[in-house]
Visitor: 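Take a look at this one; I'll ask things after.
Remember, predicted model here, so these are calculated numbers, not experimental data. The first residue of the sequence shown is numbered 1, and numbering continues consecutively from there.
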Amino acid sequence: MAEENKDGQEKTEEPTAKRLSDAKKKGQIARSKELNTMAITLIGGIAMVSMSNHLGGGLWDLMAKNFTIPRQDMYDSTAMITRLAQAIEDGLFMLFPLFLVVVILAVLSSVVLGGVSISGESMTPKLSKLNPLKGLKRVFSLKGLLELLKALAKFLLVGSATGLMLWTSLDSFLGLSQMELGKAVSEMGGVIGGSFIIISSTLILIAMIDVPFQLWDHKRQLKMTRQEVREEMKDTEGRPEVKGRIRNLQREIAQRRMMEEIPKADVIVTNPTHYAIALRYDQENMLAPEVVAKGSGIVAANIRRVGLEHQVPMVEFPMLARAIYFNTELGEAIPAGLYLAVAKLLAYVFQLRIYRTDGGMKPEMPTDLSIPDEYHVPEQ
């Protein structure tokens, strides 16, 4: 059964990208304590065994240096403090590589699932966390039960592995009493180090179970109701009325720019009243005539009005007007199939322009503008 929110609505929708991003900003990311524990314990143990010569040699030098005290230092009240400070410095220097490995492991194992997240909100003290009733609710929740089961599983695994290692290494431990001190210490270190690594390896199984669970539980907690998804879409993309207003403004701006291009047009083709298309052709800079303005209804009327104001030739060819309107976008060149018809139309317009300026025989409007069948648009 799907989880419900405080309003009783079921959380059936997957979390959106915004929901995941907001959760990460609040510090709500997937974390696996078991992965962290396993990495530090196992890899840290391997690192410690690998550094055994360095650690053993450093410890030997530290003990030899501080267990042999010169006679004059025994009567100097400040010498002991100096030697203690030096011993602490030497000890830290000896352990620094191991500490560095453990710190790197702690950081990497913490961020490997949810990434790096530094959230001031998650670090802010909250009095609600001190509420004993909420604490009891968490303890007796499903998650609390799972944590208890994990703790029991870890106890059984680690305890069983420890008992098995003690049983199998019993002869090795008993044989240490027959060895010389130096060899016995070295042998004991090897046995303990190997046993520690094998015992720590049992935590891999716990981590393999906990990591998928934490990922699933994190996603489950962030699931949303359908209403939450709709509200988020409104907040992200804007309210419908706001989006409508923005679209209207964009349309007005586009139309204003389009109207500014009409005076540059060479001809306006009309339907005669339903559609109007303004064409422009520059032989030097254009491969084909381009649509600088197009529209229907009121927009077509405005195109014709602006064209008349600027004395742009206007020609009535319904089939050609519909063909260009439905097959060419604003700012695009006309399709190749309409080249011949538009060429005849522009030739007439250019001849008409010469007639108006120089006189002579008035050109006749072409009547054989053939439109290919694929560009035919029924009259609407």
Visitor: Once you round to the nearest 0.5 Å, how far does OG of Ser109 lie from CD1 of Ile43?
Guide: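 Between atom OG of Ser109 and atom CD1 of Ile43 there are 8.0 Å.
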Visitor: What is the minimum heavy-atom distance between Ala321 and Asn271, and which atoms define it?
Guide: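 Scanning both residues completely, I find the closest heavy atoms to be CB-N, 4.1 Å.
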Visitor: Looking only at non-hydrogen atoms, find the nearest pair between Ala207 and Met38 and report the distance.
Guide: CB-CE, 4.2 Å
Visitor: Nearest 0.5 Å, please: how far is CD1 in Ile209 from CD1 in Ile204?
Guide: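 These two atoms lie 12.5 Å from each other.
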Visitor: Taking the side chain from Asp217 and the backbone from Phe213, do they hold a donor-acceptor pair closer than 3.5 Å?
Guide: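 Judged by distance alone, no pair lies under 3.5 Å.
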Visitor: Salt-bridge test for Glu260 and Arg256: reply yes if a basic N is under 4.0 Å from a carboxylate O, no otherwise.
Guide: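 Not counted as a salt bridge, because no side-chain N and carboxylate O are separated by less than 4.0 Å.
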Visitor: For Met208, look at atom CE and say whether over 12 heavy atoms of other residues, nucleotides or ligands are found less than 6.0 Å away.
Guide: no
Visitor: Hey, any chance Ile206 and Phe196 share a hydrophobic cluster, counting ILVMFWY side chains that come within less than 4.5 Å of each other, even indirectly?
Guide: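 Different clusters: Ile206 never reaches Phe196 through Ile, Leu, Val, Met, Phe, Trp or Tyr contacts under 4.5 Å.
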Visitor: Examine distances only and state if a side-chain atom of Thr82 and a backbone atom of Thr78 form a donor-acceptor pair shorter than 3.5 Å.
Guide: yes
Visitor: Counting only heavy atoms from other residues, nucleotides and ligands, does the tally under 6.0 Å from CG of Leu287 exceed 12?
Guide: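 Counting other residues, nucleotides and ligands, CG of Leu287 stays at 12 neighbours or fewer.
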Visitor: Taking all non-hydrogen atoms of both residues into account, name the closest pair between Pro372 and Gly337 and its distance.
Guide: CG-O, 3.2 Å
Visitor: If you look only at pairs with a residue in residues 193-215, which of them pass as a salt bridge (Lys or Arg N to Asp or Glu O under 4.0 Å), with sequence neighbours excluded?
Guide: Lys150-Asp210
Visitor: In terms of relative ring orientation, are Phe326 and Tyr275 parallel, tilted or perpendicular, with 30° and 60° separating the classes?
Guide: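 Correct class here is perpendicular.
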Visitor: Any link between Leu98 and Ile88 through a network of hydrophobic side chains (Ile, Leu, Val, Met, Phe, Trp, Tyr) touching at under 4.5 Å?
Guide: yes
Visitor: Would one find more than 12 heavy atoms of other residues, nucleotides or ligands at under 6.0 Å from atom NZ of Lys33?
Guide: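 12 or below, so no.
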Visitor: Using a strict cut-off of less than 4.0 Å between a Lys/Arg side-chain nitrogen and an Asp/Glu carboxylate oxygen, indicate whether Glu261 and Arg280 qualify as a salt bridge.
Guide: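 No.
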Visitor: Report yes if some heavy atom in the side chain of Leu279 is under 4.5 Å from a heavy atom in the side chain of Asp266; otherwise report no.
Guide: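 No - every pair of side-chain heavy atoms lies 4.5 Å or more apart.
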Visitor: If only atom types and distance count, is the side chain of Gln351 paired as donor or acceptor with the main-chain N or O of Tyr348 below 3.5 Å?
Guide: no
Visitor: Any idea which heavy atoms bring Val269 and Phe317 closest together, and the distance?
Guide: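 Residues Val269 and Phe317, closest heavy atoms: CG1-O, 3.8 Å.
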Visitor: Considering non-hydrogen atoms only, spot the tightest contact between Pro289 and Val342 and give its length.
Guide: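 For Pro289 versus Val342, the nearest heavy atoms are CG-CG1, 3.8 Å.
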Visitor: According to a 4.5 Å side-chain heavy-atom criterion applied to Ile, Leu, Val, Met, Phe, Trp and Tyr, with indirect links allowed, do Leu340 and Val291 form part of one hydrophobic cluster?
Guide: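 No.
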Visitor: Do Leu42 and Leu203 come close enough that some side-chain heavy atom pair is under 4.5 Å?
Guide: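 Answer no - side chains too far apart.
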Visitor: Could you state the interatomic distance from CZ (Arg305) to CD (Glu309), rounded to the nearest 0.5 Å?
Guide: 5.0 Å
Visitor: Does atom CD1 (Ile298) have a neighbourhood of more than 12 heavy atoms from anything else shown, all under 6.0 Å?
Guide: no
Visitor: Looking only at non-hydrogen atoms, find the nearest pair between Ala278 and Ala265 and report the distance.
Guide: CB-CB, 3.9 Å
Visitor: Do other residues, nucleotides or ligands put more than 12 heavy atoms under 6.0 Å from the CD atom of Gln311?
Guide: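 No, CD of Gln311 has 12 or fewer neighbouring heavy atoms, counting only those of other groups under 6.0 Å.
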Visitor: Supply the atom-to-atom distance Met314 CE to Ile303 CD1, rounded to the nearest 0.5 angstrom.
Guide: 9.5 Å
Visitor: I'd like to check Arg353 versus Val349 (side-chain heavy atoms, cut-off strictly below 4.5 Å). Are they in contact?
Guide: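 They are in contact (side-chain heavy atoms under 4.5 Å apart), so the answer is yes.
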Visitor: For a 4.5 angstrom cut-off between non-hydrogen side-chain atoms, does Val267 reach Val312?
Guide: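 Not touching, per the 4.5 Å side-chain cut-off.
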Visitor: Please check if Leu105 and Val107 belong to a single hydrophobic cluster, counting links between Ile, Leu, Val, Met, Phe, Trp and Tyr side chain heavy atoms closer than 4.5 Å.
Guide: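 No.
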Visitor: Are Val292 and Leu345 connected in the hydrophobic side-chain network, where two residues link if heavy atoms are under 4.5 Å apart?
Guide: no
Visitor: Find the distance between OG1 (Thr162) and CH2 (Trp167) and round it off to the nearest 0.5 Å.
Guide: 15.5 Å
Visitor: Can you confirm whether Ile199 sits close enough to Met165 that some side-chain heavy atom of one is under 4.5 Å from a side-chain heavy atom of the other?
Guide: yes
Visitor: Less than 4.5 Å apart, side chain to side chain, heavy atoms only: is that true for Pro313 and Ile268?
Guide: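 Pro313 vs Ile268: side chains apart.
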Visitor: Got Lys294 and Ile324 here, is their nearest side-chain heavy-atom distance under 4.5 Å?
Guide: no
Visitor: Start with the C-alpha gap between Asp90 and Leu62, add the side-chain angles, then the distance that decides, and say whether side-chain contact (heavy atoms from CB on, under 4.5 Å) holds.
Guide: CA-CA 7 Å; Asp90 294 341; Leu62 190 64; 3.8 Å; yes
Visitor: Tell me, do Gln214 and Ser32 make a side-chain contact under 4.5 Å, heavy atoms counted?
Guide: yes
Visitor: Take Glu290 and Ile334 through the side-chain contact (heavy atoms from CB on, under 4.5 Å) test and state the conclusion after the steps.
Guide: CA-CA 6 Å; Glu290 293 182 356; Ile334 62 172; over 6 Å; no
Visitor: Nearest 0.5 Å, please: how far is NZ in Lys154 from OG1 in Thr37?
Guide: 5.5 Å
